[in-house]
Number of protein chains: 2
Amino acid sequence: MTDRPNVLWIMADQLRFDYLSCYGHPHLHTPHIDALAARGVRFTNAYVQSPVCGPSRMSAYTGRYVRSHGSTWNGMPLRVGEPTLGDHLREAGARAVLVGKTHMTADMEGMAWLGIDPASEIGVRRSECGFEPFERDDGLHPDSARQGWSAYDDYLVSQGYDSANPWGDFANSGVDDDGELLSAWLLKNSRLAANVPEEHSETAYMTDRAMDFMESAMQDGRPWMCHLSYIKPHWPYIVPAPYHDMYDERHIIDPVRSDAERDTAHPLMRAYLDARVCRSFSRDHVREHVIPAYMGLIKQLDDNLGRLFAWMDDKGLSENTIIAFTSDHGDYMGDHWMGDKDFYHEMAVKVPLILSDPRPEAAATRGDVSDALVEMIDLAPTFMHALGCEPKPHIIEGRDLTPILHGTNGFARSYVISEHDYHWSEMARSLDVPQEDAHTLMIHDGRWKYIRCEGFDPILFDLKSDPMELVDLGTSDAEDHVDVRARMEAALLSWGLQHHSRITATPAVLARQKTAAKSGILIGFWDAAEYEADTGFPFSDLTPKGKP
Amino acid sequence: MTDRPNVLWIMADQLRFDYLSCYGHPHLHTPHIDALAARGVRFTNAYVQSPVCGPSRMSAYTGRYVRSHGSTWNGMPLRVGEPTLGDHLREAGARAVLVGKTHMTADMEGMAWLGIDPASEIGVRRSECGFEPFERDDGLHPDSARQGWSAYDDYLVSQGYDSANPWGDFANSGVDDDGELLSAWLLKNSRLAANVPEEHSETAYMTDRAMDFMESAMQDGRPWMCHLSYIKPHWPYIVPAPYHDMYDERHIIDPVRSDAERDTAHPLMRAYLDARVCRSFSRDHVREHVIPAYMGLIKQLDDNLGRLFAWMDDKGLSENTIIAFTSDHGDYMGDHWMGDKDFYHEMAVKVPLILSDPRPEAAATRGDVSDALVEMIDLAPTFMHALGCEPKPHIIEGRDLTPILHGTNGFARSYVISEHDYHWSEMARSLDVPQEDAHTLMIHDGRWKYIRCEGFDPILFDLKSDPMELVDLGTSDAEDHVDVRARMEAALLSWGLQHHSRITATPAVLARQKTAAKSGILIGFWDAAEYEADTGFPFSDLTPKGKP
């Protein structure tokens with residue numbers, strides 16, 4: 001134990017904010033996550049910086065907006081010179097350890113250009129978002145270019161699940177009554193039990209690995225931040241028994257959608273609705289197969305977290321470990337006639353966020369619910385603060401949440417931002433949008449959600465009068481809507497023109513700027529008297545130091 | 001000689017566009033630069049990306065806007081992971097060689113963090129803007145933190161000019177009738193002859209060094225781009241005989257300024273006018289001392305370029321060398337009651353730009369004058385094209401000028417952008433502007449020049465009705481002015497929200513995005529039939545490859 005707390009940062013993947021009982025789901029009971037909320041602060045307005053895995057995570061791991069770090073889409077490498085939370089923590093003597101998924105793609109070209117060996121200690125960190133990789137697993141099919149074979153595949157083989165693709169054949173397939181193996185990549189198979197017992201599933205395995213890390217860290221003694229990053233409930237949607245048949249049609253909430261939405265004339269929304277994944281999830285039988293599996297995956301996750309928290313209690317780790325629980329984005333699940341994520345309705349861009357701080361300073365806020373507007377990038381500075389790292393406002397764009405945790409003043413944010421680069425998509429192809437213009441951006445002040453769509457009309461929702469986001473006011477002539485849009489555009493302009501790339505403006509560099517006159521660089525002085533009157537220094541002090 | 005041309009990129013420092021006879025100066029005759037224009041294209045609307053040395057140059061050397069490379073002010077290190085023109089050229093087998101000034105500050109913190117030894121080959125390039133330094137000389141006082149002692153100081157000592165500070169005591173001081181040494185840092189001394197003969201001055205020395213480089217390159221054989229970067233006519237304003245008394249009061253053009261400007265109510269302009277350097281240059285006796293020296297420095301530069309061009313003719317280098325001549329920004333010289341640079345009136349932000357291309361493709365445009373809107377960042381892609389480097393639109397934000405040089409279609413730009421970070425300044429201190437908000441930005445479409453001042457009213461000039469920029473329309477209620485401002489804000493918003501940091505989006509990365517379905521990542525397919533109908537691939541093709 002050290003005098004600094006440790007941080008366990010748990011991230012689920014593709015978990016909607018409203019599929020937990022503490023966030024109001026009527027049928028999905030998640031007592032362990034709810035208990036975490038009861039001993040911490042639960043945030044009801046937490047937004048990710050992009051409604052898709054890769055860029056959202058790169059923002060989380062750098063504390064910077066997507067437009068700042070530049071990794072705007074999955075598989076877009078995070079540039080080698082982009083500093084991460086792990087780098088800042090290491091500088092302060094703490095470890096930043098990865099157990100699970102990051103969705104990072106390494107900038108191999110950048111490393112080659114700077115002479116960095118990817119296999120070196122520095123190269124490995126640069127390939128893993130600045131983390132020290134205890135376990136890296138992006139949970140994707142071994143055919144993926146990102147990951148050919150994982151430690152979890154090895155684990156499955158070691159447990160007797162022998163196959164050329166154990167991840168696919170066991171963890172992410174089901175078996176029908178005739179014994180035929182059926183891939184969970186196909187949605188019709190979602191309600192089968194996964195072909196692996198729960199204790200050997202990805203969620204259980206990663207929970208075990210987190211324990212392995214914490215066990216080893218108890219010997220090590222250095223303070224740490226551990227990112228326990230689960231792959232589920234992200235697709236492929238399939239869950240082991242008994243979770244596969246805990247939920248059925250009776251537990252499915254009605255979709256949030258209207259006929260008017262389906263008839264939208266907005267070209268980009270039209271293109272979204274025409275895209276395959278949206279057409280797919282607009283079908284009730286798809287929802288009826290996928291949602292029970294999705295709920296089962298969340299229930300399984302909650303049970304594993306219960307197991308983890310009990311183990312931490314047992315080991316005495318809970319009293320000195322700040323626990324964060326969140327997700328990298330949500331999932332439409334057919335709401336608004338949409339599937340997957342990639343846009344800005346609440347179920348896609350808002351995430352659950354719970355922060356439990358065991359320190360006495362947080363005693364007064366246990367069980368609080370905060371409706372403050374917060375962003376995923378706020379976690380990095382919050383963890384930096386907890387682990388004794390100096391603030392770095394020239395790099396970190398998130399804001400420290402400690403004041404909210406400790407019930408003090410000091411946190412302020414007037415709007416949240418999220419961005420999406422859709423150059424890769426069916427929408428860009430069907431609309432023939434050049435790849436440099438295929439981007440959208442959301443700014444949301446807690447009531448008004450304004451979505452800028454480069455080349456198209458904006459979209460505007462009033463969450464006060466229309467909390468379901470069914471009525472687009474983006475072209476409304478009503479005076480207050482016109483005013484709101486102008487205000488949002490002005491805020492976006494200020495935000496867009498901020499110094500997002502001025503990351504070398506350290507306090508030392510900024511201080512150096514002030515000393516130019518004394519250093520002998522004089523601009524606009526007529527004579528010595530003027531210099532002395534203006535600066536207070538005698539001109540004769542400016543004797544050159546010459547050659548050393 | 002190779003089949004690719006070489007590029008000699010000559011940059012003067014702080015040279016106004018209108019202080020050359022080919023740009024219309026009535027008294028300052030610059031026949032050698034004029035002759036270059038006669039055998040090339042002279043641009044009348046070339047703008048720098050920041051009206052100050054450091055950020056303007058970092059844009060020139062990266063081909064990227066200031067907000068993209070992040071080095072927003074002098075001495076703000078260029079982040080270690082920022083690719084430069086030199087890196088791109090080297091990749092294409094060409095050399096990028098520096099002779100003179102860059103104003104680069106190395107990102108020592110970034111290099112340490114990435115394990116790059118500043119003394120290594122890669123470290124040296126990263127410290128010199130990606131150039132191979134043949135001669136680096138930023139021309140600043142040896143007391144400067146940036147440069148303690150230069151090769152030019154060594155040269156002066158070797159020529160017998162012994163002193164603890166030869167740069168200051170000889171090249172940048174004068175001697176009065178009593179033999180007293182008088183520093184050119186003080187403006188009252190500007191009209192003295194520099195305490196060094198012309199042939200040993202900075203301008204002559206750097207010209208000699210360029211010849212030394214080209215001589216060596218003739219042996220080497222690789223194609224090259226040489227950046228010959230003069231320190232003058234930048235302050236300290238003093239020039240050796242006979243140039244020191246070639247010009248006097250009779251040759252000074254009347255200042256461009258009005259009483260109304262001096263009475264401005266705009267808080268930021270007010271703060272500029274109250275700043276010392278502007279008060280200083282608003283005094284006629286300052287202009288009368290400085291301008292003749294400034295003109296003499298330019299005349300001396302022209303004579304040295306004449307010497308250089310004749311030498312190149314003699315060596316047979318002219319026939320295979322593209323020559324660019326430009327400046328990093330201008331100088332107010334008391335116009336608009338302002339001194340130095342740092343704002344967006346034409347004399348500060350517009351620069352001379354001449355491109356002379358000896359290739360036959362450019363024969364038809366020799367002597368042309370182009371009024372196309374061009375930016376300093378356009379030079380990098382132009383040189384990359386000439387030296388056979390593939391275009392890199394994900395990194396380079398400038399646009400290739402080759403179509404203009406070769407009289408073909410293909411160059412288009414609807415506005416130019418320039419930015420300024422004034423966090424360091426008297427203005428920021430007197431207005432108490434937080435350092436993150438102390439920035440301005442110009443967008444200019446050839447007629448309307450719109451200056452956005454974060455936290456203050458915008459400034460707007462109509463260069464058609466008001467070419468002298470004396471009437472600020474930033475708050476005018478006239479309908480066309482309101483419309484223009486809205487149009488400019490919209491253009492800025494589009495520009496500001498572009499992907500300025502997405503530098504890892506190589507063609508290979510972008511192509512990879514398209515292959516996801518075939519790689520085995522399937523989102524939203526109900527069954528195999530749906531997959532096959534949609535993709536055209538049999539589902540059975542998706543057999544996993546398994547462990548190698």
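The figures that follow rest on heavy atoms only: side chains count, while hydrogens, waters and symmetry mates do not. For clarity, every value in this text was computed on a predicted model and none was experimentally measured. In the text below, chain A, chain B and the rest are named by the order of the sequence lines, each starting its count at 1.
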Could you measure the distance from the CG atom of A:Leu492 to the CD atom of B:Glu489? Nearest 0.5 Å is fine. 12.0 Å

Residue selection (most heavy-atom pairs with chain A, distance under 4.5 Å) from B:Arg125, B:Arg126, B:His500: B:Arg126

Begin from the C-alpha positions of A:Arg502 and B:Met76 and carry the test side chain to side chain contact (heavy atoms under 4.5 Å, CB included) through to its verdict. CA-CA 8 Å; A:Arg502 200 181 62 166; B:Met76 188 79 74; 3.7 Å; yes

Under the ring-ring contact (aromatic ring centres under 6.0 Å, His included) test, which residues partner B:Trp113, sequence neighbours left out? none

Let me know if B:Pro83 has heavy atoms under 4.5 Å from chain A in its side chain, its backbone, both or neither. both

Sort out for me which of B:His69, B:Arg452, B:Gln498 touches chain A most, counting heavy-atom pairs under 4.5 Å. B:Arg452

If you define the side chain from C-beta out and look only at heavy atoms, does anything of A:Leu186 sit under 4.5 Å from B:Glu530? no

Residues which pass side-chain hydrogen bond (donor to acceptor under 3.5 Å, both in side chains) with B:Ser282, listed by chain and number, not counting sequence neighbours: none

Using a cut-off of under 4.5 Å on heavy-atom pairs, state which of A:Ser120, A:Ser280, A:Ser183 scores highest against chain B. A:Ser280

We want to know whether B:Thr504 and A:Glu109 form a side-chain donor-acceptor pair, criterion being a heavy-atom distance below 3.5 angstrom. no

Counting heavy-atom pairs under 4.5 Å with chain A, which one of B:Asp340, B:Thr72, B:Val277, B:Asp437 comes out on top? B:Thr72

Is A:His289 in contact with chain B via its backbone, its side chain, both, or neither, using a 4.5 Å heavy-atom distance? side chain

Spatial distance of atom CZ (B:Arg283) from atom CH2 (A:Trp526) [nearest 0.5 Å]: 7.5 Å

Using heavy-atom distances under 4.5 Å, tell me whether B:Ile523 contacts chain A through its side chain, its backbone, both, or neither. both

Using non-hydrogen atoms and a 4.5 Å limit, figure out which bit of A:Glu82 sits close to chain B: side chain, backbone, both or neither. both

How long is the straight-line distance from OG of B:Ser494 back to CG of A:Leu493, given to the nearest 0.5 Å? 10.5 Å

State the CZ-OG distance between A:Arg67 and B:Ser501, to the nearest 0.5 angstrom. 6.5 Å

Choice from B:Leu441, B:Asp527, B:Val157, B:Leu78 maximising heavy atom contacts with chain A below 4.5 Å: B:Asp527

In sequence, state the C-alpha distance, the side-chain angles, and the governing distance for A:His499 and B:His423, and then conclude on side chain to side chain contact (heavy atoms under 4.5 Å, CB included). CA-CA 11 Å; A:His499 296 298; B:His423 76 268; over 6 Å; no

Can you tell which of A:Gly81, A:Pro77, A:Gly496 has the highest number of heavy-atom pairs within less than 4.5 Å of chain B? A:Pro77

Gap separating the OG1 atom of A:Thr506 from the CG atom of B:Asp107, nearest 0.5 angstrom: 9.0 Å

Side chain from CB out, backbone as N, CA, C, O: work out which of these in A:Ala486 comes under 4.5 Å of a heavy atom of chain B, or both, or neither. neither

Tell me, for A:Leu114 versus chain B, whether the close heavy atoms (under 4.5 Å) come from the side chain, the backbone, both or neither. both

Counting only heavy atoms closer than 4.5 Å, note whether A:Asp534 contacts chain B via side chain, backbone, both or neither. side chain

